[in-house]
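In what follows, every chain begins at residue 1, and chains take the letters A, B, ... in the order their sequences are listed.
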Amino acid sequence: MELTFYIAGAVAILATIMVITRYNMIHALLYLVVSFLAVAVVFFTLGAPFMAALEIIIYAGAIVVLIIFVIMMLNLSEDATQQEKEWLKPSIWIGPAILSAVLLAELIYIFTAMDVPTTATVPVDAKLVGLALFGPYMLGVQLCGMMLMAGIVGAYHLGRQKKKVTHRFLEKEAAQ
Amino acid sequence: MNGISMEAGLLLAAILFALGLMGLLMRRNIIFMLVSVEIMLNAAGLAFIVAGMRWAQPDGQVMFIFILTMAAAEVSVGLALILQLYHQLKTLDSDAASRMRG
């Protein structure tokens, strides 16, 4: 189980590095699927099998597919990859990379300085999660429902194409 | 007896979060920025799962479900915004949308 955790973690890190360095958007999204699947394996080894299933269904299944649909709708041409190559020059990415690396080093220092005893992994199954979700966290579930509703309405409102309303006589005038 | 230390899980979450932050800062394409935000949210959820594992309580997983719902709502609204932006500006460059009334 431990070895599985470390291998899946390494796969997740490598796939995420590939995601943020690809020029082609579809390639990046396929690596993102690999990364989410690896994180799902990590969840499984951490004793959260239900969350592993949700990670695969919602992140790798729904969110990535949604992004791929939008990329297909945008119908990007061949030179999008070329433009991406121009945008991602070392002079541009070196600054943010160093800053994030410094933050990461601090985080690693904090986490390794902690002295936490290793405990055995006890799986927490879906039944316990459901009892907690619909018991003490009932308000949160309702708020989540409201937020999803707001998300649906907002996405519909923003994604709607505005109809061009022109008077037919004016249109005829413009055509002439 | 298998025992994955809490440090290892938190380190993985920290590395994934830093990679997402790096991608968010160094990309100009707005779709890649959205993807990086997804990576960061996922890393935050992983930290919650690790904490839930440490005390063998379901609360961490409940928080992960909340993060998941928020990510789903966020990505749908974000993609609708990207579609609108692309129709208005004919580019995915985030710098093209730097003005409020461009």
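Options B/Leu83, B/Val77, B/Leu79, B/Ile82 differ in how many heavy-atom pairs under 4.5 Å they form with chain A, and the most are formed by B/Leu79. Annotation: maximal heavy-atom pairing with chain A below 4.5 Å, among B/Arg28, B/Glu7, B/Met70, occurs at B/Arg28. Ranked by non-hydrogen atom pairs under 4.5 Å with chain B, the options A/Val70, A/Ile108, A/Leu74 are led by A/Leu74. Interface summary for chain B: among A/Leu66, A/Thr21, A/Leu107, the most heavy-atom pairs under 4.5 angstrom belong to A/Leu66. Note: B/Asp59 leads B/Leu34, B/Val50, B/Asp59 in heavy-atom pairs under 4.5 Å with chain A. Ranked by heavy-atom pairs under 4.5 Å with chain A, the first of B/Gln61, B/Arg54, B/Gln57, B/Glu38 is B/Gln61. The residue among B/Leu68, B/Ile39, B/Ile65 with the most heavy atom pairs within less than 4.5 Å of chain A is B/Leu68. Of all the listed residues (A/Gly154, A/Gly47, A/Ala97), the one sharing the greatest number of non-hydrogen pairs under 4.5 Å with chain B is A/Ala97.
In this structure, chain A has heavy atoms under 4.5 Å from both the backbone and the side chain of B/Leu41. Proximity to chain B (any heavy atom under 4.5 Å) is shown, for A/Ile67, by both the backbone and the side chain. Interface remark: A/Leu88 contributes side-chain atoms only to the contact with chain B (heavy atom separation under 4.5 Å). Heavy atoms of A/Phe111 lying under 4.5 Å from chain B belong to its backbone as well as its side chain. For B/Ala71, the parts lying near chain A are the backbone and the side chain together; criterion is any non-hydrogen pair under 4.5 Å. Of the two parts of B/Tyr86, only the side chain, counted from C-beta on, holds a non-hydrogen atom closer than 4.5 Å to a non-hydrogen atom of chain A. Contacts of B/Met63 with chain A are made by side-chain atoms alone, with heavy-atom separations under 4.5 Å and no backbone atom involved. Heavy-atom distances place no part of A/Ala62 under 4.5 Å from chain B, backbone and side chain included.
Here A/Ile94 contributes atom CD1 and A/Lys89 contributes atom NZ; the two are 14.0 Å apart, rounded to the nearest 0.5 Å. In this structure, A/Gln83 CD and B/Leu92 CG are separated by 8.5 Å, a value rounded to the nearest 0.5 Å. The distance from atom OG of A/Ser100 to atom CG of A/Leu104, rounded to the nearest 0.5 Å, is 8.5 Å.
The neighbour count for A/Tyr6 OH, taken as heavy atoms of other residues, nucleotides or ligands under 6.0 Å away, is above 12.
For the pair B/Ser98 (side chain) and B/Ser94 (backbone), a donor-acceptor distance under 3.5 Å is absent. A donor-acceptor distance shorter than 3.5 angstrom exists from the side chain of A/Thr16 to the backbone of A/Ala12, with no hydrogens or angles considered.
Shortest non-hydrogen contact noted between A/Val19 and A/Leu32 is CG2-N, 3.4 Å.
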Name every donor-acceptor pair, under 3.5 Å, that has one atom in a side chain of residues 8-27 of chain B and the other anywhere in the protein, sequence neighbours excluded.
{"unit_1": "B/Arg27", "atom_1": "NE", "unit_2": "A/Ile20", "atom_2": "O", "d": "3.4"}
{"unit_1": "B/Arg27", "atom_1": "NH1", "unit_2": "A/Arg22", "atom_2": "O", "d": "3.2"}
{"unit_1": "B/Arg27", "atom_1": "NH1", "unit_2": "A/Glu84", "atom_2": "OE2", "d": "2.5"}
{"unit_1": "B/Arg27", "atom_1": "NH2", "unit_2": "A/Ile20", "atom_2": "O", "d": "3.1"}
{"unit_1": "B/Arg27", "atom_1": "NH2", "unit_2": "A/Arg22", "atom_2": "O", "d": "2.3"}

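Taking 4.5 Å as the limit, some side-chain heavy atom of A/Phe43 sits within range of a side-chain heavy atom of B/Leu46. Side-chain contact between A/Val11 and A/Val41 is absent, with no heavy atoms from C-beta onward closer than 4.5 Å.
The contact list for residues 124-132 of chain A toward chain B, using heavy atoms and a distance under 4.5 Å, reads A/Val124, A/Leu128, A/Val129, A/Ala132 by residue number.
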Quiz prompt | side-chain contact (heavy atoms from CB on, under 4.5 Å) assessment of B/Asp93 paired with A/Trp87 | solution = CA-CA 9 Å; B/Asp93 187 2; A/Trp87 281 348; 3.5 Å; yes

Practice problem: List the steps, then state whether side-chain contact (heavy atoms from CB on, under 4.5 Å) holds for A/Ile68 with A/Val64. | Solution: CA-CA 6 Å; A/Ile68 288 179; A/Val64 174; 4.2 Å; yes

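Between the side chains of B/Asn42 and A/Glu55, at least one donor N or O sits under 3.5 Å from an acceptor N or O.
The aromatic rings of A/Tyr59 and A/Phe36 lie tilted to each other, with the angle between the two planes from 30° to 60°.
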